[in-house]
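Every chain is numbered from 1, with letters handed out A, B, ... down the list of sequences. Keep in mind that the numbers below use all heavy atoms, side chains included, and drop hydrogens, waters and symmetry copies.
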Amino acid sequence: MNYNFNEIEAKWQKYWADNQTFKAKNPGSPPSEGLGEAYYVLDMFPYPSGAGLHVGHPLGYIASDIYARYKRHKGFNVLHPQGYDSFGLPAEQYAIQTGQHPAVTTENNIKRYREQLDKIGFSFDWSREVRTSDPEYYKWTQWIFIQLFESWYDYEQDKSRAISELEEIFASEGNKRVKAACDDDVEDFTAEEWNAFSSEEKQKILLKYRLTYLAETEVNWCPQLGTVLANDEIVNGVSERGGYPVVRKKMTQWSMRISAFAERLLQDLDKLDWTESLKESQRNWIGKSVGAMVEFPILSFPEGEEKARRGYMTGGNNAHLLLEKARENRNSPTDAEKILWNHLRNKSLGYKFRQQHLIDDFIVDFVCLSKRLVLEVDGGIHDLQVKEDENRTKIIESKGFKVLRFRNEEVIGDIDAVLEKIETALSGQPHVSEKVQKAPPSGAGGIRVFTTRPDTIFGVTFMTLAPEHELVKKITTPEQKEEVEAYIAASAKRSERERMADVKSITGVFTGAYAEHPFTKEPVPIWIGDYVLAGYGTGAVMAVPCGDQRDYDFAKHFYLPIKNIFENADISEEAFSGKEGTVIANSDFLSGLKYKEALQKAILELEKLGLGYGKTNYRLRDAVFSRQRYWGEPFPVYYVNGMPQMISAEHLPLTLPEVEKYLPTETGEPPLGNSTEWAWDTENNKVVPNAEIDEKSIFPLELNTMPGWAGSSWYLFRYMDPHNEEAFVSKEAQQYWESVDLYIGGSEHATGHLLYSRFWTKFLKDRGYLSVEEPFKKLINQGMILGQSAIPYRAKITLVSNLDNQKDTPDDYYEVKADLIENSNSVFFSADLRAKGVRFIQEKINGLSYFTSMKKEFEKIIKNSFGLKLEKSSVYIQYSGFSDPRVNLQFLDGLSDNLNLAALKSSGDEELKNAIYLDSEGSEITDCDKQNFVAAREVEKMSKRWGNVVNPDDICEDYGADTLRMYEMFLGPLEQAKPWNTAGITGVHNFLKKLWKLYHSTPNPSLGGENSFSVSDEPASKDSLKTLHKTIKKVTEDIENFSFNTSVSTFMICVNELSAQNCNSREVLEPLAILIAPYAPHIAEELWSKLGYSESIVTAEYPVYEEKFLVESTKNYPISFNGKMRFTMELPLDMSKEEIEKTVLADERAKSYLSDAPPKKVIVVPGKIVNIVI
RNA sequence: GCUCGGGUGGUGGAAUUGGUAGACACGUUGGACUUAAAAUCCAAUGGACAAUGCGUCCGUACGGGUUCAAGUCCCGUCCCGAGUACCA
């Protein structure tokens, strides 16, 4: 019998299906005893696309399948399910184009997927299959959504709680003391106020606390896809799917308050057995930064806004003039001022006072900022200005200050009485140290910035706002208005992409306004610049040019001052960004302090002033949860007076309605708006036609659907108890299986799916529905299997280099005539021409631009493509797109690299059709038959478009599933990306044939050459047992370390050795079959049944490694001289060090290396090595 | 820029705590079997020198260092890949 893999594999696949071999046992259902220890192995479930599987897809499934089967042999009750993430864009796009219902497309695709998967012999428990688009499944997705709606996040207890508990708190004590995750614009209210609110007002407020909430947010709108996208669905400023542009737009959307979980999501990463790089991605995404929120009061406003202001110095919208005046006043105080200052300075009264200080547009004589107390000393002339003084006092008091007025005589005559009055006033004023979270203390408003370096606050020389910052319009002076508006308009036009591509250019405009430095009280000019992002922090920065490179560049560019506040730092060329060990200088009370001390001190002082507080900022934003699509979970939501209401859980699922068109409606509503039956009857609890909406008992339903990650965020729990109609998972099942022990999937989900499902798991745990905090204990990212593509090198670039000036130009270059390049659409050149080193020279330099941002990329291309190293200053380019086009592999002549130009030119691609092709000599190809054009090969993603997809079905047909499984593992480490090369598969296939032969007798040609099964019951030889146990040891270690490639090698070595030993002893071949069963299950089953077993091999006990078979009495010692191995010697292992040394040195070969001189030193490591130093 | 991985034959890749570098396989070359091819089997295969063997030298991106001994540890440099990016 020969190894007929097709027959064997079909037979066992049928057997497994018929016998439900891989059905995992659940607690509660019979047989409930002896379940064994639970082990949960999960693959990321696939989206069933129309293209079917290629050989890259099963890689992770094979690895997890091997592990699952291994664990079964080890006696575990293994849960190894599979399902489909079956809601998604492609089916819907297809529906838009063809009108075919996405459910039909999806069903067909799933069928195809299942067929393909079945052929590979996975040990999935298909009785537990889930599909996210199945109403019985998404019923529970909707249910979880409702739970989120009914919850809020309590920072005090650091967990999610029921919204009813929050209502209780509001009713009994208002919201002041509640530390909850909520919207920014929540206003304080008391219990009385709360109780007096109408039901609608209450709902509005509660919405700001719910873990899923409806709010107008700035979203990423993708016009081409007609939907919004989450941050993780955008790659490089364009949509992940389709690569369409994305714009910012304000829309009312459902959001998930994932930001409330930021700290837990970050902290708990440490508990997980994930790769460091993956954890790092999540850390990056969460983006925690610790620092301070600081407020810079705004000093000046343009005329016209608050014109009525009067003071001793009116009309001053130029704060620096005021400040100059203040400085002047400080330098020439009146006698009374001098006396008073002597009593106030240095915190003599316990509080810090400042003199001649600017408040709004007024210079006051003295002020204690932390107590909001202003002292004025009036001289004689003020008698004439009583009215103006009153006015001035009023305005200052409106800013929250108390004003005390003294006359010169009072101060000079009885300073003690004056001081007493001041002390009384001070004690009567509240201490302003409250965090500046709510309205800023000065009524005029301030600019709030987030900084991680409050210690550098004395280095602030200007501020920069994002162009979109809401204050920009308010503070811009009339003189600057035109310029500022032009700048805002220009930067609004620039797309996200342009902004990213052009990182280096420095742009910005002065607003004309000034802010006040919280400590020095000096004016700080306010600029706008698009290096500041509206979306991060507060959209404003305090610029510290000496410590931040971007601020530094900005300052240099606009000739703004740069103040050095670091001891011994050279900032003449660039900013100094050192932290640890840095000593702050030139910074008032921070001078001489080290970074850490200064940081704390700065925050403390800011808090005292009421102008700042320590704050932790996260980059993680709340996730937008609405999609304007058809093919997704409907929200269980209807609207009463515009307020969202949940459909109660017992009426779920709310199933997707039928629509005629899958496009948005004419009025721009989502596709569900096309449905005529999409209203909710609250009396009968069912969906009714839209026409019946009366806003009394029948209300409109939500038109958006949920995003793709909704269903995938919790599916792991559904597998535990997939048919439960009472709950998404029973407590019993969940507590038995806990969470996923091993999760395998692609790294592209690092910041999407993996973060969201951690979030939902934590939430469900908080609310008591789960016993675990994290969904995936161990996670492995399988690398991608790549295909090959063919590339004609594009030469549509104009390059002028100063190569002529360089002495060492390559001899072997080829000149391509400039006019050839100029006159064509595209020029491609043969890969072998490129290899020679090509140089393009154009004589006329017309319209050349110099793009800094492209330069680096270009230099790389020149270097990689032409092997030329160019001086940085020598490259000038005219950009016209560098990407080389990919050509479908079908255009290659056979297996060669030669492009079939005739076929290519008759293809549909305009560019390729009209292009000029240069052969290896650099001349244009006119005769496609005689001249060759060589395409370059590149390793990249498999894609139907490029014809480089390898189908696993074909491999199974030609070599068998066992070969495919082992070969995919053999390719290299699981986590590494690697190119597919079908040629190499023969090695693995031959191995399986050899394995088969071990169990069969040598063919006898006279009997027709048929092998027959033949295993002897004779005891195995010592060597064979040694081989077996060596293999058990290594394979077990490898499997535990997920080093599947090396275990395949180990099997090969084992079979090679056993073949050489002519081993056919049952004692060895039976354990070997079990060892290999996880990898090549079909052949193992076949051999197992031939060995006489009627039961499947899948639960056969894993062989136990026994050391005694490996014990050696001798060791082949490598003998090295000065560390270089020269020869080996077979010596007994129990030989002592001294004896070894003696024996080795006595050896003839050793003598010849020593050439009679005694060795300097002899190192003997028993059992390892002997090294002789000469 | 930052973070995390890497850099070993013609190729994919092995190499426990530092201890015989290149396991295993592909490819290539030669041979056997065949009318022939395929399949199968055997042998060789890091490079250079020597070539009959004995051998010698050089070799894990590059330059240093530690050590009896370095692919492995330390310092510096270069390059590649992935993620992320005016993150204040």
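Between A:Lys1034 and A:Glu1037 there is no salt bridge, since none of the side-chain N atoms of the basic residue sits less than 4.0 Å from a carboxylate O of the acidic one. For A:Arg283 and A:Asp270, the salt-bridge test passes: some basic side-chain N is under 4.0 Å from an acidic carboxylate O. A salt bridge links A:Lys1030 with A:Glu1057: the closest approach of a Lys/Arg side-chain nitrogen to an acidic carboxylate oxygen falls below 4.0 angstrom.
Atom CD1 of A:Ile1172 and atom C1' of B:G19 are 14 Å apart (whole Å). Taking atom CE of A:Met1125 as the reference point, atom P of B:C68 lies 22 Å away to the nearest angstrom. The distance between atom NZ of A:Lys978 and atom P of B:G12, rounded to the nearest whole Å, is 13 Å. Atom C1' of nucleotide B:C68 and atom NZ of A:Lys1168 are separated by 15 Å, given to the nearest angstrom. One atom, CD1 of A:Ile780, and another, C1' of B:G5, lie 16 Å apart when rounded to the nearest Å. One atom, CG of A:Asn781, and another, P of B:C4, lie 17 Å apart when rounded to the nearest Å. In this structure, A:Leu278 places its CG atom 11 Å from P of B:U84, rounding to the nearest Å. Taking atom OH of residue A:Tyr1117 and atom C1' of nucleotide B:C68, one finds them 17 Å apart after rounding to whole Å.
Between A:Arg550 and B:C87 there is a side-chain N or O to OP1 or OP2 distance below 4.0 Å. Dashed line: the shortest gap from a side-chain N or O of A:Arg1126 to OP1 or OP2 of B:C57 is under 4.0 Å. Regarding contacts with the backbone of B:A88, every side-chain N or O of A:Arg619 stays at 4.0 angstrom or more from both OP1 and OP2. Within the structure, a side-chain polar atom (N or O) of A:Asn1056 is placed less than 4.0 Å from OP1 or OP2 of B:A25. Of the side-chain N and O atoms in A:Lys279, none sit less than 4.0 angstrom from OP1 or OP2 of B:G83.
Nearest to the side-chain atoms of A:Lys1115 among the listed nucleotides B:U20, B:U17, B:C86 stands B:U20. Relative to the side chain of A:Asn1045, the nucleotides B:C68, B:G13, B:C86 differ in distance, and B:G13 lies closest. Set against B:A21, B:G19, B:C87, the side chain of A:Tyr536 has B:C87 as its closest nucleotide. Set against B:G13, B:C4, B:C68, the side chain of A:Lys1161 has B:C68 as its closest nucleotide. Taking every side-chain heavy atom of A:Leu533 into account, B:A88 is the closest of B:G83, B:C68, B:A88. Of the candidates B:C24, B:A14, B:G19, B:A14 carries the atom nearest the A:Pro973 side chain, counting heavy atoms from C-beta on. Side-chain atoms of A:Lys994 lie closest to B:C41 of the nucleotides B:U20, B:C41, B:G83. With distances taken from any side-chain atom of A:Asn1171 to the nucleotides B:A88, B:C68, B:C86, the minimum falls on B:C68. Across B:G13, B:A23, B:U17, the shortest atom-to-atom separation from the side chain of A:Gln976 is found for B:G13. Among the nucleotides B:C4, B:A88, B:U20, the one closest to any side-chain atom of A:Glu280 is B:C4.
With its glycosidic angle within 90° of 0, B:G9 adopts the syn conformation.
Residues A:Tyr487 and A:Trp527 keep their aromatic ring centres 6.0 Å or farther apart. Under the 6.0 Å cut-off for aromatic ring centres, A:Phe462 and A:Phe554 qualify, their centroids lying closer than that. Aromatic pair A:Tyr3/A:Phe5: ring centres closer than 6.0 Å.
Using a 4.5 Å cut-off on side-chain heavy atoms (C-beta onward), A:Gln282 and A:Leu754 make contact. By the 4.5 Å heavy-atom criterion applied to side chains, A:Ile1140 and A:Leu1131 are counted as neighbours.
Checked by atom type, the side-chain pair A:Asp553/A:Tyr531 shows no donor-acceptor distance below 3.5 Å. With 3.5 Å as the limit, one finds a donor-acceptor pair spanning the side chains of A:Tyr1079 and A:Ser1047. Neither side chain, A:Ser289 nor A:Asn617, offers a donor N or O lying under 3.5 Å from an acceptor on the other. A donor-acceptor pair shorter than 3.5 Å cannot be found between the side chains of A:Ser1049 and A:Thr1046.
Near RNA chain B, meaning a heavy atom under 4.0 Å away, the residues from residues 964-971 of chain A are A:Phe970, A:Leu971.
Among the protein residues, A:Lys1160 comes within range of no part of the nucleic acid, since none of its heavy atoms lies under 4.0 Å from any strand. Backbone-only engagement by A:Val1173 is indicated by non-hydrogen atom pairs under 4.0 Å involving sugar-phosphate atoms exclusively. A:Asn990 comes within contact range of the sugar-phosphate backbone alone, with a heavy-atom separation under 4.0 Å but no base atom that close. Heavy atoms of A:Arg283 sit nowhere under 4.0 angstrom from any nucleic acid atom. A:Ser747 comes within contact range of no nucleotide atom at all, as no heavy-atom separation falls under 4.0 Å. Using a 4.0 Å heavy-atom distance criterion, A:Asn617 is classed as making no nucleic acid contact.
Both A:Asn1116 and A:Arg453 lie close to RNA chain B; mapped to their nearest nucleotides by heavy-atom distance, the more 5′-ward contact belongs to A:Asn1116. Checking A:Ala983 against A:Lys1033, the closest nucleotide of RNA chain B that is more toward the 5' end is the one next to A:Lys1033.
Only the P atoms considered, B:A14 is 10 Å distant from B:G7, to the nearest whole Å. Using atom C1' as the reference point in both B:G9 and B:C26, the two lie 13 Å apart (nearest Å). A gap of 14 Å separates the P atoms of B:U8 and B:U72, to the nearest Å. Of the P atoms belonging to B:G59 and B:G47, the separation is 16 Å, rounded to the nearest Å. The same atom, P, is picked in B:A15 and in B:U67; the two are 29 Å apart, to the nearest Å. Nucleotides B:C75 and B:U84, compared at atom C1', are 28 Å apart to the nearest Å. With P as the reference atom, B:C74 and B:G18 are 11 Å apart, rounded to whole Å. Taking the P atom of each, B:C24 and B:A50 are spaced 30 Å apart, rounded to whole Å.
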- Task: Fill in the dot-bracket string of RNA chain B, one character per base: . for unpaired, | for a pair to another strand, ( ) or [ ] for pairs within the strand, taking Watson-Crick or G-U pairs under 3.5 Å.
- Result: (((((((..(((......[....)))((((((.......))))))((((.....))))..(((((..]....))))))))))))....
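The side-chain contact (heavy atoms from CB on, under 4.5 Å) test with A:Thr456 is passed by exactly one of A:Asp548, A:Asp551, A:Ile565: A:Ile565.
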